[in-house]
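Here is the structure we will look at, set down as structure tokens.
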Amino acid sequence: MIRRGKEKIQLRYSAPKGIHDILPPDISIWQKTEATAKELFQKYGYQEIRTPIIEHTDIFIRSIGENTDIVEKEMYTFSDRAGRSITLRPEGTASVVRAFIEHNLQNFTSPQKFYYTGPMFRYERPQKGRFRQFYQIGVEAFGERHPTMDAEIITMLCSFMKAIGLEGINFELNSIGCEKCRPDYKNALLLFFKDKLDNFCPDCQRRYSLNPLRILDCKVERCIALRHGSPLIPEHLCDDCSNHFEELKERLRILQMPYTLNPELVRGLDYYTKTTFEATSNHLGSQKAVAAGGRYDKLVEEFGGPATPAIGFAIGMERLITLLMEKTNLLSPVPDCFIATIGKEAELKGLLLAEQLREKGYHVEIHYGGASLKSQLRRADRMDSRFVLIIGDDELRSGKIKWKNLKNKEQGEIEIEDISSILKNNLERY
RNA sequence: GUGGGCGUAGUUCAAUGGUCAGAGCACUGGACUGUGGCUCCAGUUGUUGGGGGUUCGAAUCCCCUCGCCCACCCCA
């Protein structure tokens, strides 16, 4: 609130709808998650790629698909000053594919494996686990069609979940075929639903003509019952897709990677082929997917690049962190030492001492002036500092500094040059 | 885009249409002059989201609007 003359004007700014700040102490769990991903993905040979958060709008229309909800109604699109249509990225794959083609990365040793992290933007109505700006950690691998690639990437996702300590995650697996076998399956589905269509929910009736695979996804009980016995994708795969799927499952078995086959697992983006998978949890409200991905063997080619098979996944950071919060108690970093001072001369001495201790690697907080020793110690205590140094007139006179261990109340005096040893000694015990 | 729930202090929440809208926590200070946590005391923070209406009187009832949450659609 600001006051202007007698008039009070209330200015209560808030971030735009569905867009959130990430504050300490929450930020530490984000940092830990990102660091864990980075470290683990590098072990599998994935390197970071940084693509822009805006692209020409066409990039997304062509990759995600013209008739998807994302493109039809969820993109943040605007014209730049030269009148070009620009869009804030709603997902990460399109940009990576564009970069792959633009820089001719197929000329490097295959497969090319990337990971990235950053914000995505979708204009949706926010709810639990869904935001207008949300963060993903994504992974893409180009140039390898062998199912061993699929197995590696799925296993990597699983070990990531383990590495950050998430349990109770379900891995669902399916194959949705390729451009050869999917049309056949679609026809089989249409045939099966044809005479029952009137009994389905309005949404499913709409899906029938728009995207019949989505009927498999419907949560309405009546529809679940009606689709009982419907043809399943795995039964309609062509030999190539079927072999691929079998080989993948064999490798997952060898790797002792637990998964559930879900023949009704359908993905919302147009570009997927063959393998699709999802990591789900029951603690996320109605958005249960915490990570999802699949193969997209045709996308690079459709984009005007060389025929290049590819596979990837994306982790929804907010959803992941929602789950992590249930188990983790958040702690902000705690100072090793607080330097309390009385008087200007001591304050200056403390300022210098703090710098010297930080150079030695300690996390040091100081007193900025103006408060009683009591309130300084209270501040040190509330920050959960483990150790306090006190500098006042007595200490300036004697050249010794008082120290106190706030955890066990031990205290004493020490020569200034011995501080780091007593600090080390006290910190080691906690 | 559709539907439901909720908006009161920094925060968590009270207040049946009826005095000046309160309490816990938090924060600041003091009791304790240079020693934290515990205790006690004191202090600060509100156009009750905003606007309009009904009424002698509205945080409370009605309408509009904005925001948040949840669900649908769809997705990470």
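Just so it is clear: chains get the letters A, B, ... in the order the sequence lines come, proteins before strands, and each one is counted from 1. The figures that follow rest on heavy atoms only: side chains count, while hydrogens, waters and symmetry mates do not.
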To the nearest Å, give me how far apart NZ (A/K73) and P (B/rC72) are. 14 Å
Answer yes or no: does a side-chain N or O of A/K17 lie under 4.0 Å from OP1 or OP2 of B/rC68? yes
Using a cut-off of 4.0 Å between protein heavy atoms and nucleotide atoms, how would you tag nucleotides 27-36 of chain B 5' to 3' with B, S and -? SSS--B-BBB
So what does A/V290 hit on the nucleic acid, given a heavy-atom distance under 4.0 Å: a base, only sugar-phosphate, or nothing? sugar-phosphate
Any residue meeting salt bridge (charged side-chain N to carboxylate O under 4.0 Å, His left out) with A/E72, in chain and number order, not counting sequence neighbours: none
Short side-chain N/O contact to B/rA71 OP1/OP2 from A/Q127, under 4.0 Å: yes
Remember a base hit wins even if backbone is also touched, and classify A/G285 as base, sugar-phosphate or nothing at under 4.0 Å, heavy atoms. sugar-phosphate
If a pair satisfies side chain to side chain donor-acceptor pair (under 3.5 Å) and one of its residues is in residues 156-169 of chain A, list it, with sequence neighbours excluded. A/Y44-A/S159, A/E167-A/K327
Does A/S14 place a side-chain N or O at less than 4.0 Å from the phosphate oxygens OP1/OP2 of B/rC68? no
With a non-hydrogen cut-off below 4.0 angstrom, is A/F338 in contact with a base, only sugar-phosphate, or nothing? nothing
Distance flag, aromatic centroids of A/Y296 and A/Y271, threshold under 6.0 Å: yes
P spacing across the pair B/rA23 / B/rA42, given as an integer number of angstrom: 11 Å
d(CD, A/E318; P, B/rC75) in whole Å: 18 Å
What does the 5'-to-3' dot-bracket notation of RNA chain B look like when only Watson-Crick and G-U wobble pairs under 3.5 Å count, and pairs to other strands show as |? (((((((..((((....[...)))).(((((.......))))).....(((((..]....))))))))))))....
Partners of A/E102 by side chain to side chain donor-acceptor pair (under 3.5 Å), sequence neighbours excluded? A/R98
At under 4.0 Å between heavy atoms, what does A/E124 touch on the DNA or RNA strands: base, sugar-phosphate, or nothing? base
For B/rG24 versus B/rC61, give the span between their C1' atoms, rounded off to a whole number of Å. 30 Å
Which atoms of nucleotides 4-7 of chain B (N or O only) lie under 3.5 Å from a protein N or O atom, and what are those distances?
none

